[in-house]
Trainee: 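So that we are looking at the same thing, I have put the structure below in structure tokens.
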Amino acid sequence: EAGVAQSPRYKIIEKRQSVAFWCNPISGHATLYWYQQILGQGPKLLIQFQNNGVVDDSQLPKDRFSAERLKGVDSTLKIQPAKLEDSAVYLCASSLQGENTGELFFGEGSRLTVL
Amino acid sequence: AQSVTQPDIHITVSEGASLELRCNYSYGATPYLFWYVQSPGQGLQLLLKYFSGDTLVQGIKGFEAEFKRSQSSFNLRKPSVHWSDAAEYFCAVGNTGNQFYFGTGTSLTVIP
């Protein structure tokens, strides 16, 4: 079974530039999450999708961050314009729909450095 | 609001020694509790989880954790640590909406 795929693994940009990250969850997983993990901190939920609908985006900085999951499968997270404090690892995770199975399956993450 | 506290930022243990990583949570209902491990450059992997029932849960790689409602704790233990256990450990609390909240993590160093 293929795991959660993310790309790119690494990205370096200058502040005020834009960047996009892509995630393909495990086949059949209806719920998809984007987390931001700043160095030395735990993952912070940015947005949660159920199929192609947003369940929770309360911590997504909507003035600069956007995310979509148009066909209920893969997802894109965009940052525009980037700030220095956006330097972090962006983790995508997926889980089965319905009863809480308790297991998030994580990708390896996309490491963003903003200069 | 749900939250997780991991009081120990960094722990160092000798190989073969026992290990306990602390986790305290805040949640109004019965929590779903998890421990994840993250090796350098890798995503997070589930070690174990608690939903209900027996308060002592067994996980992979010889880890176990005990849920103590009275102390709002879910500490992770291992009787004998191996060098390959060196990693970052995250405690998390979840709810019925499949929402997960993570602690700040404990970094484990294992010395020979």
Side-chain angles (χ1 to χ4, degrees), chain A residues 2-10 21 23-26 29-51 53-60 88-111 113, chain B residues 1-10 21-27 29-53 57-60 65 67 74 87-107:
Chain A
V4 177
Q6 289 189 247
S7 67
R9 287 294 311 277
Y10 305 93
F21 302 112
C23 172
N24 193 33
I26 292 174
H29 282 197
T31 309
L32 184 148
Y33 310 77
W34 283 102
Y35 282 87
Q36 180 192 57
Q37 187 177 21
I38 293 173
L39 186 65
Q41 299 182 19
K44 183 185 86 171
L45 179 67
L46 291 176
I47 189 166
Q48 177 184 349
F49 292 96
Q50 182 85 350
N51 297 308
V54 176
V55 174
D56 182 359
D57 64 355
S58 57
Q59 298 192 83
L60 186 74
V89 176
Y90 291 86
L91 295 167
C92 180
S94 68
S95 69
L96 289 169
Q97 184 179 3
E99 180 181 353
N100 190 339
T101 67
E103 184 160 6
L104 287 176
F105 292 83
F106 283 89
E108 293 185 322
S110 295
R111 182 178 297 277
T113 300
Chain B
Q2 297 147 97
S3 66
V4 176
T5 302
Q6 293 182 247
D8 304 306
I9 296 174
H10 185 255
L21 303 182
R22 296 183 291 166
C23 171
N24 293 96
Y25 68 89
S26 174
Y27 185 54
T30 300
Y32 300 144
L33 296 164
F34 315 90
W35 276 98
Y36 284 83
V37 60
Q38 185 178 36
S39 298
Q42 302 296 314
L44 282 76
Q45 179 186 21
L46 181 70
L47 283 177
L48 48 79
K49 60 188 177 185
Y50 170 79
F51 283 173
S52 64
V57 294
Q58 303 296 321
I60 62 171
F67 169 56
F74 190 58
E88 190 87 15
Y89 291 81
F90 293 94
C91 182
V93 61
N95 60 28
T96 54
N98 276 16
Q99 295 170 313
F100 299 81
Y101 299 90
F102 288 81
T104 52
T106 297
S107 177

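Chain letters run A, B, ... following the sequence lines, proteins first, then strands; residues in each count from 1. Worth saying up front: this structure is predicted, and the values here are computed from it rather than measured.
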Trainee: Check each of B/Y32, B/Y25, B/F34 against B/F100 using the ring-ring contact (aromatic ring centres under 6.0 Å, His included) test, and report the only one that passes.
Mentor: B/F34

Trainee: Do you know which of A/Y33, A/Y35, A/F106 has the most heavy-atom pairs under 4.5 Å to chain B?
Mentor: A/F106

Trainee: Side chain, backbone, both or neither: which part of A/R111 has a non-hydrogen atom closer than 4.5 Å to chain B?
Mentor: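 For A/R111, neither part sits under 4.5 Å from chain B.
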
Trainee: Do the side chain of A/Q6 and the main chain of A/G109 share a donor and acceptor less than 3.5 angstrom apart?
Mentor: yes

Trainee: Is the distance between the ring centroids of B/Y27 and B/Y101 under 6.0 Å?
Mentor: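 No; B/Y101 has its ring centre 6.0 Å or more from that of B/Y27.
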
Trainee: Taking ring pair (Phe, Tyr, Trp, His ring centres under 6.0 Å) as the test, write out the residues that go with B/Y50, two or more places apart.
Mentor: B/F67

Trainee: Please look at A/Q48 and chain B and tell me whether the side chain, the backbone, both or neither of the residue comes under 4.5 angstrom of a heavy atom of that chain.
Mentor: side chain

Trainee: Can you tell me which portion of B/Q38 sits under 4.5 Å from chain A's heavy atoms? Options are side chain, backbone, both or neither.
Mentor: side chain

